[in-house]
Amino acid sequence: HNHYSTIDQYGLTYKNGNWNYKVGAQNLTLGATGLLYDDTRYFGRHIMTQAINANGKIGKVAVNGILAKSNYDSDYENDKIFYVHGSLPVNRSTYGLGYARVNYGDDTAAAKVEDGKTGMNYYTADFSYKLTDNTFFHSEFIKSSASDNNNGVNLVLFHIFDAKNNGGIAWFS
């Protein structure tokens, strides 16, 4: 079959050919290494983001598009997120570019935003290289529209030991 749909405890998933869609509560990783946002390491009802998430291919380019809203268990206004990322494999390497627009709630990170606006733009570039069949190097750079403290980098060396065990070393700045 080239398409299917399911309903799970979190929402609806649908597959059609090379495209996968998920609507509902889900863990998200934004950026190739999660440098922008990664809630996959946490547990709890209010950790999962409410989102529409589409993954597929346009030619050889892998594309991911997300519309999301955070799910804070507080009086804070939830953040609204738009994200798009594309990556292209070339031999043993993969090159990617991403863009995110985050509109923060009035009581969250708005004080840190350029010109007192309640949203920011984020631009990412990433590179990965397959060192061996089981060892990979990943890197990611991010730049935001904030007036200071507006960039970061992540370097990761990752190894797959077997079907159940893997691990890596990461450096963030």
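Quick caveat, the model's predicted, so the values are computed rather than measured. Both backbone and side-chain heavy atoms feed into the values below; hydrogens, waters and symmetry mates do not.
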Does the side chain of Asn121 come within less than 4.5 Å of Tyr99's, by heavy atoms? yes

Cluster question for you: counting only ILVMFWY and a side-chain heavy-atom cut-off of under 4.5 Å, with indirect links fine, are Phe137 and Ile169 together? no

Mind checking who shares a hydrophobic cluster with Val156, ILVMFWY linked at side-chain heavy-atom distances under 4.5 Å? Phe136, Phe158, Ile160

NZ-CG distance between Lys164 and Asn166, expressed to the nearest 0.5 angstrom: 13.0 Å

For Met120 versus Ala146, what's the shortest heavy-atom pair and its separation? SD-CB, 3.6 Å

Does the side chain of Asn150 come under 3.5 Å of the side chain of Ser144 through a donor N or O and an acceptor N or O? no

Could you tell me if the side chain of Val153 sits less than 4.5 Å from the side chain of Trp171, heavy atoms only? yes

Rounded at 0.5 Å granularity, tell me how far CG in Leu28 sits from OH in Tyr83. 10.0 Å

Through direct or indirect side-chain contacts below 4.5 angstrom among Ile, Leu, Val, Met, Phe, Trp and Tyr, which residues connect to Leu97? none

Which distance, rounded to the nearest 0.5 Å, do you find between the CG of Leu67 and the NZ of Lys80? 12.5 Å

Look only at the side chain of Glu140 and the backbone of Thr33, and say whether a donor-acceptor pair between them is shorter than 3.5 Å. yes

Determine whether Tyr95 and Phe141 fall in the same hydrophobic cluster, where Ile, Leu, Val, Met, Phe, Trp and Tyr are linked whenever their side-chain heavy atoms lie under 4.5 Å apart. no

Only one of Leu35, Ile142, Ile81 clears side-chain contact (heavy atoms from CB on, under 4.5 Å) with Tyr122; which? Ile142

How close do Gly119 and Asn103 get, counting heavy atoms only, and between which atoms? CA-OD1, 3.8 Å

Run the side-chain donor-acceptor check on residues 123-130: report pairs under 3.5 Å with partners two or more places apart or on a different chain.
residue	atom	partner	partner atom	Å
Thr124	OG1	Gly98	N	3.2
Asp126	OD1	Gly96	N	3.4
Asp126	OD2	His85	NE2	2.7

Supply the atom-to-atom distance Ile52 CD1 to Lys69 NZ, rounded to the nearest 0.5 angstrom. 12.0 Å

Going by side chain to side chain contact (heavy atoms under 4.5 Å, CB included), name the residues that satisfy it together with Thr135, two or more places apart in sequence or in a different chain. Leu131, Thr132, Leu157, His159

With sequence neighbours excluded, residues passing side chain to side chain contact (heavy atoms under 4.5 Å, CB included) with Asn165: Phe161, Asp162

For residues 54-66, which side-chain N or O atoms pair as donor and acceptor with protein atoms under 3.5 Å away, sequence neighbours left out?
residue	atom	partner	partner atom	Å
Asn55	OD1	Asn64	ND2	2.7
Asn55	ND2	Asn53	OD1	3.4
Asn64	ND2	Asn53	OD1	2.8
Asn64	ND2	Ala54	O	3.1

